[in-house]
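Positions are given from 1 along the sequence. From a predicted model like this one, the values you see are computed outputs, not experimental measurements.
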Amino acid sequence: FLRDTGRAWRMSAFARSLAYHRAIARNRNAYLGALWLPLGFVVFAGGISLLWSQIFDRPLHIYLPYVTYGLFVWNLIIGALTDGARAMQESRNLILQSNTPILIYPLTAMLKQTIMAAYNVPFVLLVAVVFSPAFDPIMLLALPGLALIWLLGLAICVTLSILCTYVPDLSEIIASGLRFVFFFTPILWLPSTREGLHHFWMWNPFYYLIEVVRSPLSGNYDMLFPAFAVTGALTLVAWLSAIVIYRRFAGAVPTRIGG
């Protein structure tokens, strides 16, 4: 695993180039090109916030940052899950025709999601500047929180990219399950408005993954320690699992996807 990690690191420029190509490929021929990536996020976050703030009778200046931060992190997480699951199949020809370490392909999947998230950062920063309270140094904890999410996402990409070559239906199972999880995770709704769902969000790991970035930015400091503790523990477990699965199953990946 360490040897392949070193080889993948030396080829990281190739991974970045491939990730960028895949990130903008869908909008390459559109008039606005890659600008559709942040535009779609802005329209969805803004529209949902405007509508649901009326439904829940919450001030827009509180609800818009809450939803924006939540969607930003959620998109990064589900991108790692869905793209990670497809990483080997999408790179089938490259795997069969070259001698590159297969760690390149889950790395490419995570870099692709990073590039797509980067397009949304200006809007997130604008919301933070306009709607957040006065600057507090604790808000900078969102950066290590985001770094933890990235490391966790990469571990997930490594694990799922390999497992999905053995269980092809797993990617569809994940995609279907995430649609259900989305509505039971406090992204569009505030936990304080749904006390009856307390057991859903308190035992929902996605809530803590989102709060590790959202709580420093929104001033919800009570969630800082639980969010970092849970996210850190999940990241450690995810990497231990990824290493075990890689050592056990990665060698057969070319055979699995070539069959």
From [atom1] ([X]) to [atom2] ([Y]), nearest 0.5 Å:
X      : Y      : atom1 : atom2 : value
Leu160 : Leu81  : CG    : CG    : 6.0 Å
Gln113 : Cys157 : CD    : SG    : 7.5 Å
Leu107 : Ser12  : CG    : OG    : 7.5 Å
Met11  : Leu18  : CE    : CG    : 10.0 Å
Trp9   : Thr5   : CH2   : OG1   : 11.0 Å
Arg7   : Asn99  : CZ    : CG    : 5.5 Å

Please say yes or no: joined through hydrophobic side-chain contacts below 4.5 Å, possibly via intermediate residues, are [X] and [Y] part of one cluster?
X      : Y      : answer
Val244 : Ile156 : no
Leu140 : Val213 : yes
Tyr221 : Leu190 : yes

Compare all side-chain heavy atoms of [X] with those of [Y] and state whether any distance is below 4.5 angstrom.
X      : Y      : answer
Arg22  : Ser91  : yes
Leu111 : Trp150 : yes
Phe206 : Ile78  : no
Phe72  : Val127 : no
Met88  : Ile95  : yes
Thr68  : Phe131 : no

Given 3.5 Å as the limit, does a donor-acceptor pair link the side chain of [X] with the main chain of [Y], or not?
X      : Y      : value
Ser17  : Ala13  : no
Thr231 : Phe228 : no
Tyr207 : Ile187 : no
Asn120 : Phe41  : no
Ser161 : Val158 : yes

If every non-hydrogen atom of [X] is compared with every non-hydrogen atom of [Y], which pair is closest and at what distance?
X      : Y      : answer
Ile257 : Thr165 : CG2-CG2, 3.6 Å
Pro216 : Leu224 : CG-CD2, 3.5 Å
Ser171 : Pro168 : OG-O, 3.3 Å
Tyr69  : Ala128 : OH-CA, 3.2 Å

* To do: Determine the interplanar angle of the Phe182 and Trp74 rings, folded into 0 to 90°, and report it as parallel if under 30°, tilted if 30 to 60°, perpendicular if over 60°.
  =>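 It falls in the tilted class, 30° to 60°.
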
